[in-house]
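See structure below.
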Amino acid sequence: MYKIASPSKTREILKKYNIKLNKRWGQNFLVDPRIAEGIAEATCDAGDEVLEIGPGIGSLTEFLLARSCRVVAVEIDPRLTAVLIEMFENSDQLTVVEGDFLDQDLAELHEKHFSPGRKIKVVGNLPYYVTSPILIKLFGSYQQISAATLMMQKEVAERIMAQPGTKEYGSLTVLCRYYSEPEIIFNVSRRNFFPPPEVDSTVVRFKMLSRPSVMVLDEDLFFKIVRAAFNQRRKTILNALEKSVENWNKKDTAHILKLAGIDPMMRGEALDLSDFAAITNCAVEFLKEKLRN
Ligand code: SAM
């Protein structure tokens, strides 16, 4: 073990390889080994196959490897992939992939590096500037993933865990609850990073569902309705939908809401996933019927 996750070792590695950290890529490294170990514990057990997003200099990676997991780590910064390859050269359990995680074809990555048909675990102390796009990408492959343990800005975790009717509740909450059961593992103070970021963090574990939490007849329409409801949070659901969902007029929207049993005067932010699913499914049936006549 290198015990990378400490302030002195982190400074020593950065000095040795003459690396100036790049703020743009969210390079704030974990320097508390108990936190790195806690994230590894929440992520995997011996023999698991793990995809790590943004390993940095390996602060978390070494704890994943210590738990006898096989790790594929995707890092955007070529200076850091070089460090990782040199530091972990004796580990046949780690594969370092250089590149932007958002550009990776996850099915291809799975085929190349993981056992066929086996679900993987995902972990990452995420670069904050791309938390939402990374979540969207992971949910796009939710059937290949059993769980994702992700550290993110505390406020983003609060949005994910929010209840309907609160100001934190929004499209991100609905997206996460559609594909997963999220749970908070622990909060992490900014003091545990080098250099310290401007915000505190939270580790969230997303247990991926084998199928979405609600049944919808048209997923694109479901997310269009959700976005419309939250883009105009202060409007009634009737006004928000008739103005934002293509080709919906007031009369049809009112009819769809009635079929779905939703009060048209409610605000979108008060609706839960099953309400959004009911609106979607009634809309699909109603619009199909309308086309037929
Ligand atoms: N896992 C390390 C730790 O906990 O100390 C580093 C975490 S640091 C917050 C985020 C890491 O993600 C950095 O190493 C950064 O270079 C990398 N990164 C940033 N954007 C990325 C992207 N789009 N794809 C892959 N890695 C990225």
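Read the numbers this way: they start at 1 and go in the same order the structure lists the ligands and their atoms. No experiment lies behind these values; they were computed from the predicted model shown.
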- Message: Determine whether Leu135 and Ile160 satisfy the following criterion, side-chain contact (heavy atoms from CB on, under 4.5 Å), listing intermediate values before the conclusion.
- Response: CA-CA 11 Å; Leu135 283 172; Ile160 289 169; 4.0 Å; yes

- Should the pair Lys154-Asp200 be classified as a salt bridge under the 4.0 Å nitrogen-to-oxygen rule? no

- Salt bridge or not for Arg67 and Asp45, using N-O below 4.0 Å? yes

- Task: Mark up the atoms of ligand 1 that fall under 4.0 Å of a heavy atom belonging to Glu52, in ascending order.
- Result: 1 (N)

- Task: Would you check if the distance from the ring center of Tyr179 to the ring center of Tyr142 is below 6.0 Å?
- Result: yes

- Message: Among all protein heavy atoms in this structure, tell me which lies nearest to atom 24 (N) of ligand 1, with the distance rounded to 0.1 Å.
- Response: Phe101 N, 2.9 Å

- Message: Tell me whether Leu30 has any N or O atom under 3.5 angstrom from an N or O of ligand 1.
- Response: yes

- May I ask you to say whether Arg34 pairs ionically with Glu37, meaning some side-chain N is under 4.0 Å from a carboxylate O? no

- Task: Report, in ascending order of atom number, the atoms of ligand 1 lying under 4.0 Å from any heavy atom of Asp100.
- Result: 22 (C), 23 (N), 24 (N)

- Looking only at distances, please establish whether an N/O atom of ligand 1 is found under 3.5 Å from an N/O atom of Gly54. yes

- Part of Phe193 with heavy atoms under 4.0 Å of ligand 1, whether side chain, backbone, both or neither: neither

- Query: For ligand 1, which atoms, with element, lie under 4.0 Å from some heavy atom of Val74?
  - Reply: 25 (C), 26 (N)

- Heavy atom of the protein closest to atom 26 (N) of ligand 1 (residue, atom name, distance): Ile76 N, 3.3 Å

- Item | Ring geometry between Phe276 and Phe230 (parallel below 30°, tilted from 30 to 60°, perpendicular above 60°) | tilted

- Gly26 heavy atoms within 4.0 Å reach ligand 1 at atoms 8 (S), 9 (C), 10 (C)

- May I ask you to identify, for Pro55, whether its side chain, its backbone, both or neither come under 4.0 Å of ligand 1 on a heavy-atom basis? backbone

- Can you list the atoms of ligand 1 that are under 4.0 Å from a heavy atom of Gly56? 6 (C), 14 (O)

- Message: What protein heavy atom lies closest to atom 19 (C) of ligand 1? Include the residue and the distance to one decimal.
- Response: Trp25 O, 3.2 Å

- Query: Hey, are Arg118 and Asp48 close enough for a salt bridge, meaning a charged N less than 4.0 Å from a carboxylate O?
  - Reply: yes

- Message: Quick check against the 3.5 Å criterion: does Asp103 have a side-chain atom that pairs as donor or acceptor with the backbone of Asp100?
- Response: no

- Task: Output yes when Glu49 and Arg70 qualify as a salt bridge under the 4.0 Å nitrogen-oxygen rule, no when they do not.
- Result: no

- Query: Hey, is Asn28 touching ligand 1 through its side chain, its backbone, both or neither, going by heavy atoms under 4.0 Å?
  - Reply: backbone

- Item | Residue, atom name and distance, where the atom is the protein heavy atom closest to atom 3 (C) of ligand 1 | Asn125 ND2, 3.5 Å

- Task: Any chance you could lay out the salt bridge (Lys or Arg N to Asp or Glu O under 4.0 Å) test for Lys288 and Glu285, step after step, and finish with the verdict?
- Result: CA-CA 5 Å; Lys288 221 193 295 171; Glu285 296 298 351; 3.8 Å; yes

- Message: As an exercise, identify every atom of ligand 1 less than 4.0 angstrom from a heavy atom of Tyr129.
- Response: 19 (C), 20 (N), 21 (C), 23 (N)

- Task: Can you sort out which atoms of ligand 1 are near Gly99, meaning under 4.0 Å from one of its heavy atoms?
- Result: 24 (N), 25 (C)

- Message: I'd like to know whether ligand 1 has Leu102 as a neighbour, heavy-atom separation below 4.0 Å.
- Response: no

- Check: Glu75 N/O within less than 3.5 Å of ligand 1 N/O: yes

- Measure up the Tyr178 and Phe223 rings against each other and bin them: parallel (under 30°), tilted (30 to 60°), perpendicular (over 60°). perpendicular

